[in-house]
Trainee: 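Before I ask anything, let me first share the structure, which is written out below as structure tokens.
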2 protein chains.
Amino acid sequence: MDVFEAVAEPNRRHLLGLLAERDRTAGELVDSLPTLTQPAVSRHLRVLREVGLVEVRPDGQRRIYALKPDGLQRIDDWITPYRRYWRNHLDALEQHLENR
Amino acid sequence: MDVFEAVAEPNRRHLLGLLAERDRTAGELVDSLPTLTQPAVSRHLRVLREVGLVEVRPDGQRRIYALKPDGLQRIDDWITPYRRYWRNHLDALEQHLENR
DNA sequence: ATAATAAATACGCTTGTGCTTATATACGCA
DNA sequence: TGCGTATATAAGCACAAGCGTATTTATTAT
């Protein structure tokens, strides 16, 4: 599984969002996704770990998860050349609106 | 299927890359992915069409595909808040390297 | 009209993903 | 020591994704 696939899953994006606010224990993350069971969340966290988007540190019997968003750079790098396309498109639209 | 899933597939990213260079007919795109059959490419193009990343216009019996990258903005918007995280992380790394 | 070409769809198959229930592992505490 | 809590893994299932072969639809050319 690569970063693109990891991030394609909505629950995993949600988890990343929560970790962007602050570090959280696995249990807190489980509570934050009430539609999923504990093992389901655990496996999503495993995926995020394996692609390097989060890291874990033990705290007694808890596991504290933290964001490690460097891996998103790969997506950002990929998207960069396209950015100018939709900017141009936007410009064209703006021009069209201005010129009428 | 949403934009994130559409873009998670490597062959589809490849197709977008080709269309970023210039518009192409379906046949040209098929030839550009020699590991896939014509129907396979056709289905990838359908997915890209359905999420709005490409558009088609007929030219006789050919179909000319063109990039319509606006939909990538959704990914870009999502990734934006994370960008500052890895920039901070980079800063921290640079500092660490400078300070030794 | 018929044949050839371009592209899309139908169908069936295999594999992978995400889920739940059940179980294992590890730690903390009485 | 033994029990509760926190998290991870195992096993099994349903469903969707991606693929190839075969077929259909549409257009062009003879």
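A note on names: the letters A, B, ... follow the listed sequences, proteins ahead of strands, and every chain is numbered from 1. Treat the numbers as computed from the prediction; the structure is a model and nothing was measured.
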Trainee: Can you list everything that forms a salt bridge (charged side-chain N to carboxylate O under 4.0 Å, His left out) with E55(B)? Sequence neighbours excluded, please.
Mentor: none
Trainee: Quick one: R24(B) CZ to dA7(C) P, roughly how many Å, whole number?
Mentor: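 Answer to the nearest Å: 14 Å.
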Trainee: Measure CD1/I64(B) against P/dA6(C) and give the value in whole Å, please.
Mentor: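 So the two atoms are 14 Å apart, to the nearest Å.
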Trainee: Of all residues at least two apart in sequence or in a different chain, which pass the side chain to side chain donor-acceptor pair (under 3.5 Å) check with R22(B)?
Mentor: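 With sequence neighbours excluded, R22(B) shows a side chain to side chain donor-acceptor pair (under 3.5 Å) to no residue whatsoever.
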Trainee: Provide the full list of ring pair (Phe, Tyr, Trp, His ring centres under 6.0 Å) pairs with a residue in residues 3-57 of chain A, sequence neighbours left out, each pair given once.
Mentor: F4(A)-W78(A)
Trainee: For S32(B), which residues count as a side chain to side chain contact (heavy atoms under 4.5 Å, CB included) partner, sequence neighbours excluded?
Mentor: L18(B)
Trainee: Which residues pass the side chain to side chain donor-acceptor pair (under 3.5 Å) test with E50(A), sequence neighbours left out?
Mentor: R46(A)
Trainee: Who passes salt bridge (charged side-chain N to carboxylate O under 4.0 Å, His left out) against R49(A), sequence neighbours left out?
Mentor: none
Trainee: Does R43(B) have any salt bridge (charged side-chain N to carboxylate O under 4.0 Å, His left out) partners at least two apart in sequence or in another chain, and if so, which?
Mentor: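 Once residues adjacent in sequence are excluded, R43(B) has no partner under the salt bridge (charged side-chain N to carboxylate O under 4.0 Å, His left out) criterion.
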Trainee: Can you find a pair of side-chain heavy atoms, one from V54(B) and one from L16(B), that are under 4.5 Å apart?
Mentor: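 The answer is yes; the side chains approach within 4.5 Å.
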Trainee: Tell me, please, the opening and closing nucleotides of DNA chain D, 5' to 3', among those with an atom under 4.0 angstrom from a non-hydrogen atom of chain A.
Mentor: dG4(D) to dT9(D)
Trainee: Going by the rule salt bridge (charged side-chain N to carboxylate O under 4.0 Å, His left out), which residues pair with R24(A) if we only count those two or more places apart in sequence or in a different chain?
Mentor: E21(A)
Trainee: Work out how much the helix from dA1(C)-dT30(D) to dA30(C)-dT1(D) bends between its end axes, five pairs an end, to the nearest 10 degrees.
Mentor: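 For the helix from dA1(C)-dT30(D) to dA30(C)-dT1(D), the axes at opposite ends meet at about 10°.
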Trainee: What pairs of residues pass the salt bridge (charged side-chain N to carboxylate O under 4.0 Å, His left out) test when at least one of them lies in residues 7-18 of chain A, not counting sequence neighbours?
Mentor: R13(A)-D2(B)
Trainee: Does the protein touch nucleotides 8-21 of chain C at the base, only the backbone, or not at all? Give it as B, S and - per nucleotide, heavy atoms under 4.0 Å.
Mentor: BBB------SBBBB
